[in-house]
Undergrad: 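There's a structure below that I have some questions on.
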Amino acid sequence: MIEDVTFWLSYLTNGKHLAWYGSFQFTIFAALVGGFFAVVFGLLGATLKASRHFPLRLIGSTYSSIVRGVPDVLFFLFFPLAFEQAVEWFVSTQVCTPEAIAAQTSPWPPCKEANWFLGTGEYLLLASVSLGLVYGAFATNVIHGAMRAVPAGQLEAARAYGMSSTQVLWRVHIRQMWVYALPGLSNVWMLIVKSTSLLSLLQIADIVLWADRLGAPNFLPAVGLVHEDWRWRYYLVLFVFYILVTWLSERVFEALMRRAGRGILSEEPT
Amino acid sequence: MKQAEPSAAEASPVVELRNLHKSFGALEVLKGISFIAREGQVVSLIGSSGSGKSTLLRCINMLEIPDRGEVLIDGEAVALKGEGPERRIGDENQIRRIRSELGMVFQSFNLWAHLTILENVMEAPLVVQKRQRAEVEAEARAMLDKVGIGAKADAYPAQLSGGQQQRAAIARALCINPRVMLFDEPTSALDPELEVEVLRVIKLLADEGRTMVLVTHDMDFARSVSDRVIFLHQGLIEEEGSPDEVFGATRSARLKQFLNAANHD
Amino acid sequence: MKQAEPSAAEASPVVELRNLHKSFGALEVLKGISFIAREGQVVSLIGSSGSGKSTLLRCINMLEIPDRGEVLIDGEAVALKGEGPERRIGDENQIRRIRSELGMVFQSFNLWAHLTILENVMEAPLVVQKRQRAEVEAEARAMLDKVGIGAKADAYPAQLSGGQQQRAAIARALCINPRVMLFDEPTSALDPELEVEVLRVIKLLADEGRTMVLVTHDMDFARSVSDRVIFLHQGLIEEEGSPDEVFGATRSARLKQFLNAANHD
Amino acid sequence: MQAFLDDLAIMAPAVLFNIYFAAASIPIGFVLAVFLALGKASSNPLVNLLSRGYIYAFRGSPLFIQFFMFYSLALSLNVAVWRPLGISGFVLHPLFIGPLVLVLNTSAYSAEIFYGALRAVPRGAVEAARAYGMSRSQQFRRVVWPNLIRLAWPAYTNEVVFLFHATAIVYFALPVIGTQKDLMITAKGLFERDFNAFLHFPVAALYFLLVSLVIFFVFGLIYQRLMRHLPAQPRLRFMPGWLR
Amino acid sequence: QENVRIATEGAYAPWNFLNDSGEPAGYEIDLAHAICEQAGLSCEFIVNDWDSIIPNLLAGNYDAIMAGMSITEERQQTINFSDEYFPPDPSRYVALAGAAIDFEPLSGARIGVQGGTIQADHAESNLAQDNTVISFTTADQAVADLAAGNLDAIFADGAYVDPIVSASGGSIEYTGPEIMIGEGMAVGLRKEDADLTARINDAIAALKADGTVDGLIAQWFDGRGPYYAD
Ligand SMILES: Nc1ncnc2c1ncn2[C@@H]1O[C@H](COP(=O)(O)OP(=O)(O)OP(=O)(O)O)[C@@H](O)[C@H]1O
Ligand SMILES: Nc1ncnc2c1ncn2[C@@H]1O[C@H](COP(=O)(O)OP(=O)(O)OP(=O)(O)O)[C@@H](O)[C@H]1O
Ligand SMILES: [Mg+2]
Ligand SMILES: [Mg+2]
């Protein structure tokens, strides 16, 4: 009994498991940074979409509709590659000498100096930007819709009292917009959280990859504990983890909503 | 009914509209409206639903830009550029200055939902007129007391009844110390008992000699509070005059019909 | 004002309430209401906002279940089981039968938005009473003509003005050929001119001798159409009688105050 | 250009797999979702709790993980359950277990949409039905359902499109049998052959986009028909809901 | 000292796998250390999915692949191979004990392979006609499906399945013919890195000559071979 406990304790704390536990930070990092970028791209996209100039409006709505018309996985596979090549191309225009370009035999990169090595850190950043880019398209729509959901009368009243358009924008429009945007942004956040399960497709040794490795059946004592296919148990842990994150996120968004919705939502008498 | 004071006719014009036209798409709502509201006068706009009363009122502070015609506030013409539906505000600074002299009270109140009543009242003086907070707060509280909702200063609009909200909206408009108060159907969203409260406040203002332009459905009220009554019909001023003339000696057949329906109300 | 017909007092009771109580949580809205509406009578409920008029009306067809007390329709007590807030409908079949004899017209019309006006009117006769389509359709069209919107039979509710919608709702209620019509503030959502149309239709029904219970804010109308007027105040019947008694010889101080405010309206 | 056309031709059969996955799961998911939504709105505490728990679990966790979990769970039951029943090859086949997980997943998302719509059905319309003596099932069929489906349709359309997109990860989690490859795996395979990311992935994206547009068009037509009772119809808009 | 990044899959024991502490280990890892020492390089391991292991080499995310990759003509079109460091070795079928599979001819069977391997290629061109070929992302997953009875057999590198057969305690056994495919395993390199290829080739040659390679094969493959000494 005691032996069992110590055995399991040491099994569950071996390096492989520690690496698994450690990989949760990648997931959390990608979600948080991805969420940040999504809001940034969302605000940007919504600004474009609401712009007075047609070309900008076109860019804004093209961005949000094309990206949402295509599965996120496809973007995750495509965007990092495209981004890497774009960076390398940009660097090459700065550093490559004509001789170096001539000397380069392989089709890419233009010259050796322009090559960009991607390690876990870079991949993680790329993944976060990809998440931000994909879900920024959703956030664009949410924020755009929320801006339009602010009752016209609220803005009219501000204008009628002589506020300038920037004052109207910041003191009333954006201030009230959050109430309408938060439910949508909360959805987008949940999307981001769940799409972090795809990080393994981006060459990050994330929680899913480790769960798969740890759960795979093993017959060789040299490799570690010999066991049959245990993957579904490891996946069950991930399943629970994601449910917990969802639950926690909901609580946080509820609190945010209460803050943003003061006066607008509360009807309880003082 | 208020007595038309002889001095009123000679007082200087505060709001003057000259030949105002406004269309929404194909629908021509205002077809050439001119009138003058002088210092201290109360002007009521009446007319059936859709006759353009609200539109007219909103043209005064340029929430709607008239397609044609001029608006003069205190003798100063509001600068506009362009023609017809493309017409735009000409001078942003001028319009902001002028707007802050026109205290608009909306039919649906339009209190800022994210601010408390006190903050609502203080917002424009602080942000637009850039006055001192302490001074504004004292004045705002006094104003709320005056309209009878001093106790609700720290509540949010959603926590107030309709009548209280309407009075808060009046306090908000008053607190910018406007040359003119514009009221759009100040009581139509209220139930009869709340209506009484709000009408009492407006009457108080009228008796103080404040210049007001108001849209109303309530004929008794229009009669008792106004110096001039203007009846709008199909985009034009169909009849205009003192309450006695308009209600007592109605000339237009259409106005007669309207007043009958309103009486039956 | 309608003459109280001597025969009315002897006619059989169609709606009878006995000591009705209803609370929402801690708020006791009805504190023991009893009254009788007899065959052919028009009973008006008046009272200030929140006095429980709608709740009382909704108790008649059990859209709200009273906590205590009985409702009798045509002398038949509506079966209820349980006590207080747990009280439930006792017999689903009975209540469905009874409901289909009570034509309710809601304040906000509540027309079924996905059906045309004609379909709205035909729905209950077809689905609940399982009558023949051809016969129902003829009757529905006649009913729509009667309320003056025969031409709108194939329009959807959203395409109608408020007054037209209200009349469609009346036609819908009439088409189940109810023993009693229940009206909840039939005109308060309408503007004055639309109001006239609807009041005309209701008056027509009253003159036909249809039994009706109606909640209204319009005192003039209550006076002209009712056989009995009931004034609700704080969950109780504060005053009750013929229109002449209630409006002409008001006893209760509270009702006097209420009528004053309403007159000012 | 030739390479582009070649890719189009190669991926044409592959898109059928994505369409199959979506088409196989949407109708069943729809029906299941209606019951789940009613369950969530039910006053029976057990039914309510179960429906809520189910919806929460499937919306709160990634589809990718659900695929892995259900596949390895099904695998671990193979010897004990599927084999004796003689349905082993069938149950573990991606063309079965793929739609199965998608059904479980989409029914949770759709149920939430339907539940939201159910609560948004105008109270007055239902009260009117009650007031005219309709029974509970009549109320549901004649008044609640027509309102519910109209309210839910735009969001449900999005769910269908996103379900279609979700079919892209089926083969990332499940084994590939023979040449049964969907768009993503085909594009990835082509990419691994000549490393031309700028050709293969955009072609796959194009297919996804095209089918999404077709779904929008068809569902938009249905919506227009559903909404003919409103004179000014709000256009069906591509809006994110609570997605996976 | 030049830094060389070497990619491995980490899921193909005993060539490469992640040990209990989560570090890459196995025959190729030991061999790589020996090669690097011999060639005077400093080496670093990167774990990368099998699927994308060649694209990422080309993209410059690492410089070499040692992941049980056999030399094939198709791969040679895009990358260079060093000299082989693991001799050509037959591929084998394994099945659950007692599954009598008729290989004359093989038909109607469910055969599991790891996608993108030479065995997968072979199965696709020779078996797909009459059998169901099921490809998995990792070899481990194929083994899991075999153990759970979802496959009739898996077809894989003999030296990969050998330890599984011996460790399975008789529940998994060899079946069918041995098939010789592939030309041995070698380091995968970018075509333009001729210099690095040469240095690695020199090192491999030296290590073969002094018996280090055979020693490592003996150590990691249970003394089963195949050896270069023969
Ligand atoms: N922004 C707008 N766009 C299009 N039409 C408008 C707009 N605002 C008002 N209208 C139309 O202009 C006409 C006049 O509207 P307005 O609101 O001025 O009427 P009103 O006299 O205030 O009526 P009510 O008494 O019902 O408030 C109406 O037919 C209305 O539909
Ligand atoms: N479903 C409910 N839950 C809680 N409180 C309710 C409910 N329905 C009504 N009330 C409360 O009961 C009281 C009486 O409401 P009721 O609607 O009957 O008033 P009313 O006389 O019809 O008023 P009005 O003239 O404004 O329609 C009010 O205070 C109201 O807030
Ligand atoms: Mg108006
Ligand atoms: Mg009511």
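These numbers were taken from a predicted model, which means no experiment stands behind them. For the numbers below, each heavy atom of this structure counts, side chains included, while hydrogens, waters and symmetry mates do not. Every chain is numbered from 1 and lettered A, B, ... according to where its sequence line falls, protein lines coming before strand lines.
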Undergrad: Given heavy-atom pairs under 4.5 angstrom as the criterion, report whether the side chain, backbone, both or neither of S249(A) touches chain D.
TA: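 For S249(A), no heavy atom lies under 4.5 Å from chain D.
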
Undergrad: Give a yes or no on whether the ring-centroid distance for Y234(A) and F68(D) is below 6.0 angstrom.
TA: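 That pair fails the under 6.0 Å test.
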
Undergrad: Check each atom of L81(A) against the heavy atoms of chain D and say whether the ones under 4.5 Å are side chain, backbone, both or neither.
TA: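 Side chain only.
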
Undergrad: Using a cut-off of 6.0 Å, state whether more than 12 heavy atoms not belonging to F36(A) lie near its atom CZ.
TA: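 Count not over threshold, so no.
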
Undergrad: So with a 6.0 Å cut-off around CZ of R150(D), is the heavy-atom count from everything else above 12?
TA: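 Enclosed: over 12 neighbouring heavy atoms sit under 6.0 Å from CZ of R150(D).
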
Undergrad: Calculate, to the nearest 0.5 Å, the distance between atoms CE and OG belonging to M190(A) and S61(D) respectively.
TA: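 Rounded to the nearest 0.5 Å, the CE-OG separation comes out at 12.5 Å.
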
Undergrad: Check whether any side-chain N or O of K194(A) sits under 3.5 Å from a backbone N or O of F64(D) as a donor-acceptor pair, and report yes or no.
TA: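 Not at all, since once roles are kept as given, no pair shorter than 3.5 Å links the two residues.
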
Undergrad: Side chain, backbone, both or neither: which part of F172(D) has an atom under 4.5 Å from a heavy atom of chain A?
TA: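 Side chain only.
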
Undergrad: Top residue by heavy-atom pair count (under 4.5 Å) with chain D, among T196(A), V193(A), V245(A), V73(A)?
TA: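 Most heavy-atom pairs under 4.5 Å with chain D: V73(A).
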
Undergrad: In sequence, state the C-alpha distance, the side-chain angles, and the governing distance for F138(A) and F162(D), and then conclude on ring pair (Phe, Tyr, Trp, His ring centres under 6.0 Å).
TA: CA-CA 12 Å; F138(A) 292 86; F162(D) 286 110; 5.6 Å; yes

Undergrad: To the nearest 0.5 Å, how far apart are CD1 in I65(D) and CD1 in I207(A)?
TA: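 Rounded to the nearest 0.5 Å, the CD1-CD1 separation comes to 6.0 Å.
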
Undergrad: Just checking, any donor-acceptor pair under 3.5 angstrom between side chains of Q66(D) and Y242(A)?
TA: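 On atom types as modelled, these side chains do not qualify, holding no pair under 3.5 Å.
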
Undergrad: For the atom pair CZ (R231(A)) and CG (L73(D)), what is the distance rounded to the nearest 0.5 Å?
TA: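 Rounded to the nearest 0.5 Å, the CZ-CG separation comes out at 11.5 Å.
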
Undergrad: Could you tell me whether R119(D) atom CZ has more than 12 heavy atoms of other residues or ligands within 6.0 Å of it?
TA: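 No, because the 6.0 Å sphere around CZ of R119(D) holds 12 heavy atoms or fewer from other groups.
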
Undergrad: Chain D heavy atoms under 4.5 Å from L244(A): which part of the residue, side chain, backbone, both or neither?
TA: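 No part of it gets close to chain D.
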
Undergrad: Starting at CG of L201(A), measure out to NZ of K188(D) and round the result to the nearest 0.5 Å.
TA: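 Result: 7.5 Å between the selected atoms.
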
Undergrad: I'd like to verify something: which residue of A187(D), P202(D), A168(D), A205(D) has the highest number of heavy-atom pairs under 4.5 Å with chain A?
TA: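 Between A187(D), P202(D), A168(D), A205(D), the count favours A205(D).
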
Undergrad: Side chain, backbone, both or neither: which part of M69(D) has a non-hydrogen atom closer than 4.5 Å to chain A?
TA: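 Interface part for M69(D): both.
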
Undergrad: Check step by step if side-chain contact (heavy atoms from CB on, under 4.5 Å) holds for H200(D) and F78(A).
TA: CA-CA 9 Å; H200(D) 308 306; F78(A) 173 69; over 6 Å; no

Undergrad: Against chain D, label W247(A) side chain, backbone, both or neither, depending on which of its atoms sit under 4.5 Å from a heavy atom there.
TA: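 Both backbone and side chain.
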
Undergrad: CG of L74(A) to CZ of F201(D): how many Å apart, nearest 0.5 Å?
TA: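 Here the interatomic distance stands at 7.0 Å.
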
Undergrad: Any side-chain to backbone donor/acceptor pair from H165(D) onto G69(A)? Under 3.5 Å, distance only.
TA: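 A pair under 3.5 Å: yes.
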
Undergrad: Measure distances from L75(D) to the heavy atoms of chain A and classify the residue's part below 4.5 Å as side chain, backbone, both or neither.
TA: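 It is the side chain, since no backbone atom gets that close.
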
Undergrad: Within a radius of less than 6.0 Å around CZ of F90(A), do more than 12 heavy atoms belonging to other residues, nucleotides or ligands occur?
TA: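 Atom CZ in F90(A) is not crowded, with 12 or fewer foreign heavy atoms closer than 6.0 Å.
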
Undergrad: State, with a plain yes or no, whether a side-chain heavy atom of F70(D) is found less than 4.5 Å away from one of W232(A).
TA: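 Contact flag for F70(D)/W232(A) side chains = no.
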
Undergrad: To the nearest 0.5 Å, how far apart are OG in S197(A) and CD1 in I169(D)?
TA: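 That separation rounds to 6.5 Å.
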
Undergrad: Please state whether the side chain, the backbone, both or neither of F191(D) comes within less than 4.5 Å of a heavy atom of chain A.
TA: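 The side chain, not the backbone.
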
